[in-house]
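Have a look at the structure below before the remarks.
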Amino acid sequence: MINLGLLIIRLVVGVLFIGHGAQKLFGWFGGYGLKGTGGWFESIGMKPGVTMALFAGLAELIGGILFAAGFLTPLAALLIAGTMIMAIVKVHAPNGLWATSNGYEYNLTLLAVAIGVALTGPGKYALDIFFF
């Protein structure tokens with residue numbers, strides 16, 4: 001049962017990160033694309049904004065794909081963790097912990113999930129078992 005649980009966690013979190021990356025990169029799913037996201041990044045002091053949006057979008061998209069597939073899971077977790085640390089530091093930390101105040105509660109949860117799966121392993125329903 002633990003393998004099925006890890007698969008569910010990886011699929012849900014991975015697919016959500018794929019969506020977030022696609023929002024930043026392509027403007028899909030209600031996102032603003034590179035230009036819009038880059039402008040917002042500039043407004044919060046992340047410069048150059050479009051380049052930072054590209055890096056964030058690629059980290060989320062690639063991290064999400066790898067995490068969902070259970071392939072190169074430690075790298076996938078690192079990409080996801082990195083984006084969540086940046087989100088906490090640059091956006092949510094000043095608002096406190098709770099998501100109801102736009103705090104970092106959700107980002108911290110995703111960070112813990114990514115690190116937890118990396119430390120536990122992706123389970124047997126993962127591509128990593130064929131390569132490592």
Side-chain angles (χ1 to χ4, degrees):
M1 284 302 208
I2 191 165
N3 293 301
L4 182 58
L6 286 165
L7 175 65
I8 291 167
I9 290 167
R10 285 193 354 264
L11 286 176
V12 170
V13 172
V15 168
L16 289 173
F17 270 92
I18 292 168
H20 276 281
Q23 286 177 321
K24 287 176 181 67
L25 296 171
F26 314 120
W28 297 354
F29 313 116
Y32 298 104
L34 282 176
K35 195 169 191 175
T37 304
W40 181 71
F41 276 17
E42 290 256 349
S43 77
I44 62 168
M46 295 178 68
K47 297 179 182 181
V50 172
T51 302
M52 298 304 286
L54 175 65
F55 289 155
L58 287 172
E60 290 177 348
L61 182 72
I62 294 167
I65 291 168
L66 294 174
F67 200 75
F71 182 62
L72 301 174
T73 304
L75 174 62
L78 181 64
L79 292 169
I80 288 170
T83 60
M84 290 301 92
I85 290 168
M86 288 302 294
I88 290 168
V89 170
K90 294 301 286 182
V91 180
H92 299 285
N95 302 316
L97 175 64
W98 303 112
T100 52
S101 300
N102 198 30
Y104 59 91
E105 171 186 13
Y106 181 62
N107 308 97
L108 183 61
T109 301
L110 291 170
L111 177 62
V113 167
I115 292 170
V117 170
L119 293 173
T120 304
K124 75 176 186 177
Y125 305 124
L127 293 179
D128 278 351
I129 67 163
F130 296 110
F131 299 99
F132 305 105

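Please read these numbers as outputs of a predicted model, since none were measured by experiment.
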Restricting to pairs with a member in residues 75-126, which pass ring pair (Phe, Tyr, Trp, His ring centres under 6.0 Å), not counting sequence neighbours?
-> none
Pairwise ring pair (Phe, Tyr, Trp, His ring centres under 6.0 Å) hits with a residue in residues 41-73, at least two apart | Phe71-Phe131
Salt bridge (charged side-chain N to carboxylate O under 4.0 Å, His left out) pairs, two or more places apart, involving [range]:
range: residues 94-118; value: none
range: residues 51-80; value: Lys24-Glu60
range: residues 33-48; value: none

Which atoms form the tightest heavy-atom contact between [X] and [Y], and what is the distance?
X: Asn95; Y: Val91; answer: ND2-O, 3.5 Å
X: Leu111; Y: Ala81; answer: CD1-CB, 3.4 Å
X: Ala77; Y: Ala114; answer: CB-O, 3.3 Å
X: Ala126; Y: Gly70; answer: CB-O, 3.6 Å

As an exercise, state the distance from [atom1] of [X] to [atom2] of [Y], rounded to the nearest 0.5 Å.
X: Met86; Y: Met52; atom1: CE; atom2: CE; result: 5.0 Å
X: Ile18; Y: Ile62; atom1: CD1; atom2: CD1; result: 11.0 Å
X: Leu66; Y: Ile80; atom1: CG; atom2: CD1; result: 8.5 Å
X: Leu108; Y: Leu97; atom1: CG; atom2: CG; result: 7.0 Å

For Trp28, check ring pair (Phe, Tyr, Trp, His ring centres under 6.0 Å) against everything at least two apart and list the hits.
-> Phe26
Shared hydrophobic cluster, [X] / [Y] (ILVMFWY, side-chain heavy atoms < 4.5 Å):
X: Val15; Y: Val13; result: no
X: Phe132; Y: Leu7; result: no
X: Leu58; Y: Ile65; result: yes
X: Phe29; Y: Leu11; result: no
X: Ile2; Y: Val12; result: yes

If only atom types and distance count, is the side chain of Asn107 paired as donor or acceptor with the main-chain N or O of Ile88 below 3.5 Å?
->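 The answer is no, because no donor-acceptor pair under 3.5 Å joins these two groups.
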Option from Val113, Leu110, Ile115 for which side-chain contact (heavy atoms from CB on, under 4.5 Å) with Met84 holds = Leu110
Within residues 69-80 or reaching into it, pairs that qualify as side-chain hydrogen bond (donor to acceptor under 3.5 Å, both in side chains) - sequence neighbours excluded | Thr73-Asp128
Which residue pairs satisfy the side-chain hydrogen bond (donor to acceptor under 3.5 Å, both in side chains) criterion with at least one member in residues 3-20, sequence neighbours excluded?
->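 Applying side-chain hydrogen bond (donor to acceptor under 3.5 Å, both in side chains) to every pair that reaches into residues 3-20, excluding sequence neighbours, yields His20-Gln23.
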All side chain to side chain donor-acceptor pair (under 3.5 Å) counterparts of Thr37, not counting sequence neighbours =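 With sequence neighbours excluded, Thr37 shows a side chain to side chain donor-acceptor pair (under 3.5 Å) to no residue whatsoever.
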Leu34: partners by side-chain contact (heavy atoms from CB on, under 4.5 Å), with sequence neighbours left out |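 Partners of Leu34 by the side-chain contact (heavy atoms from CB on, under 4.5 Å) criterion, ordered by chain and then number, come out as Leu25, Val50, Ala53, Leu54.
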Taking only residues two or more places apart in sequence, or in another chain, which ones meet Val89 in a side-chain contact (heavy atoms from CB on, under 4.5 Å)?
-> Ile85
Is there a side-chain contact between Phe17 and Thr83 (heavy atoms, below 4.5 Å)?
-> yes
